[in-house]
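Some notes on the structure that comes next.
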Amino acid sequence: AGFSGVQAALTTLTVHAAPLQVFIAQHGAGLGLWSLLLATLIINFRFLIMSSVLAEGFRHVPLHKALLTAPLLSVSTFTLANAKKGQVADLHHYYLGCGLVSLGSALLATVLGVWASSGSGAWSSGLIGMILPIHFTALAALSWPQSKPLLITALGFAATPVAGHYLAEYQIFVMPFVFGAVFLAADKFKE
């Protein structure tokens, strides 16, 4: 997206949320302040839910310490910490460990991504283009034998090129809501 290595690293450190990073990298230059703020609010709304779920396990942590560790919240750190709720002696320390490892990995991957993208070969472009689909396919595969996440992933891969053609950059907002509504309606219809 034209960011320098330092800018990319600072973005990873300050915006530890992959979907928002991708959106900013792809569309940030063409967005006004209000559009960027609205996109940030919509994309990161899930953090409100994740924070409220984890807050129960962080009751013993002073508010100022909890707020200082808030930037470590990501889908990965939430999932790991929430899975260990009630199983570890200090959930906040476990969350910190997960967060520091996750953020460190993200920072390393950012530096490697900047390095790989600086190469002029087709291999680096191909590698970068494969990372997110492989990542999300692997996440969906972890839900096996449940078929719904696998079906949603397959539909997402099939619908993305079509949605991108008609919705352009707005597909990142529209498609999750469309798929969510379709599957919610299907669940309600089954009931």
Side-chain angles (χ1 to χ4, degrees), residues 1-4 7-53 71 73-79 102 106 109-110 112-114 116-120 122-144 146-191:
F3 292 141
S4 70
Q7 290 170 325
L10 285 174
T11 300
T12 297
L13 287 172
T14 57
V15 185
H16 187 46
L20 184 59
Q21 284 180 309
V22 171
F23 182 78
I24 289 171
Q26 291 176 346
H27 310 289
L31 293 174
L33 177 63
W34 291 111
S35 297
L36 186 58
L37 289 174
L38 180 62
T40 301
L41 180 65
I42 291 170
I43 292 171
N44 287 338
F45 184 76
R46 62 203 164 129
F47 290 114
L48 174 69
I49 297 165
M50 290 188 285
S51 297
S52 63
V53 170
L73 183 61
S74 68
V75 173
S76 300
T77 56
F78 168 77
T79 302
S102 176
T110 299
L112 290 173
V114 169
S117 69
S118 67
S120 59
W123 70 271
S124 63
S125 302
L127 176 67
I128 292 169
M130 291 177 3
I131 290 173
L132 281 178
I134 289 172
H135 172 72
F136 286 111
T137 301
L139 286 177
L142 289 173
S143 64
W144 180 260
Q146 296 174 353
S147 61
K148 193 181 295 184
L150 298 173
L151 180 60
I152 290 172
T153 301
L155 286 172
F157 281 131
T160 295
V162 176
H165 178 72
Y166 292 105
L167 300 173
E169 66 268 7
Y170 296 106
Q171 73 170 333
I172 195 169
F173 301 116
V174 175
M175 294 313 293
F177 287 117
V178 168
F179 282 137
V182 166
F183 278 88
L184 182 62
D187 285 347
K188 291 294 181 188
F189 183 72
K190 281 181 186 178
E191 289 176 8

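Keep in mind the model is a prediction, meaning the values are calculated, not measured. Positions are given from 1 along the sequence.
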Original post:
Considering all heavy atoms of both residues, which atom of Ala9 and which atom of Thr110 are nearest to each other, and what is their separation?
Top reply: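 Shortest heavy-atom contact: N-CG2, 3.9 Å.
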Original post:
Just by distance, do the side chain of Ser51 and the backbone of Leu48 share a donor-acceptor pair under 3.5 Å?
Top reply: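 No, because the side chain of Ser51 does not come within donor-acceptor range (under 3.5 Å) of the backbone of Leu48.
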Distance-only check: which donor-acceptor pairs under 3.5 Å involve side-chain atoms of residues 175-185, not counting sequence neighbours?
none

Subject >> Listed partners of Val162 passing side-chain contact (heavy atoms from CB on, under 4.5 Å), at least two apart >> reply: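 Val162 satisfies side-chain contact (heavy atoms from CB on, under 4.5 Å) with Tyr166 once adjacent residues are dropped.
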**OP:** Take Arg46 and Val75, measure what side chain to side chain contact (heavy atoms under 4.5 Å, CB included) needs, and give me the verdict at the end.
**Re:** CA-CA 9 Å; Arg46 62 203 164 129; Val75 173; 2.9 Å; yes
